[in-house]
Amino acid sequence: MWVYRNGWRAGVIEAASPRAVTVTYQPETSHRGTGVDTFTAPYVTLREDLFPDLDHRALRLVRRGPLT
């Protein structure tokens with residue numbers, strides 16, 4: 001999704017309620033860091049573009065080697 005925080009930023013929904021969503025997003029397009037914030041409907045919209053740093057995070061966390 002896109003979230004509006006000083007411009008439109010790519011983000012991923014972490015939690016949702018009827019009134020708002022909590023989103024992990026990239027506060028700056030020139031950096032790989034992320035931020036987490038809560039947004040209401042006027043500040044979010046759907047996105048179809050892929051952002052590998054955000055969209056595939058869970059896959060990196062799950063694919064670990066066995067514990068030895």
Side-chain angles (χ1 to χ4, degrees):
M1 75 178 334
W2 292 106
V3 297
Y4 192 83
R5 173 72 72 203
N6 298 322
W8 288 100
R9 313 289 185 206
V12 176
I13 295 175
E14 301 292 347
S17 77
R19 296 175 58 176
V21 291
T22 300
V23 178
T24 297
Y25 66 101
Q26 288 186 302
E28 306 229 2
T29 56
S30 61
H31 300 288
R32 292 183 59 171
T34 59
V36 177
D37 212 337
T38 302
F39 297 89
T40 56
Y43 299 95
V44 297
T45 190
L46 295 175
R47 106 177 127 78
E48 294 182 15
D49 304 337
L50 275 179
F51 285 81
D53 291 341
L54 293 171
D55 295 331
H56 300 294
R57 287 181 302 124
L59 295 176
R60 287 192 294 250
L61 294 175
V62 171
R63 293 183 184 187
R64 293 184 280 198
L67 298 174
T68 55

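Every residue was checked against the ring pair (Phe, Tyr, Trp, His ring centres under 6.0 Å) condition with Tyr43, not counting sequence neighbours, and none meets it. Residues passing the side chain to side chain contact (heavy atoms under 4.5 Å, CB included) test with Asp49, sequence neighbours excluded: Trp2, Phe51.
Residue pairs meeting the salt bridge (charged side-chain N to carboxylate O under 4.0 Å, His left out) criterion with at least one partner in residues 38-48, sequence neighbours excluded, are Arg47-Asp55.
Using a 4.5 Å heavy-atom threshold, the side chains of Met1 and Leu46 count as separate.
A donor-acceptor pair shorter than 3.5 Å cannot be found between the side chains of Glu14 and Thr22.
The two residues Pro27 and Gly33 come nearest to each other via the heavy atoms CD-O, 3.6 Å.
Here the OG1-CH2 distance, from Thr45 to Trp8, works out to 6.0 Å after rounding to the nearest 0.5 Å.
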Distance-only criterion, 3.5 Å: show the donor-acceptor pairs between side-chain atoms of residues 35-42 and protein atoms not counting sequence neighbours.
| unit_1 | atom_1 | unit_2 | atom_2 | d |
| --- | --- | --- | --- | --- |
| Asp37 | OD2 | Arg5 | NH2 | 2.4 |

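Side-chain atoms of Arg19 do not come within 3.5 Å of backbone N or O of Ala16 as any donor-acceptor pair.
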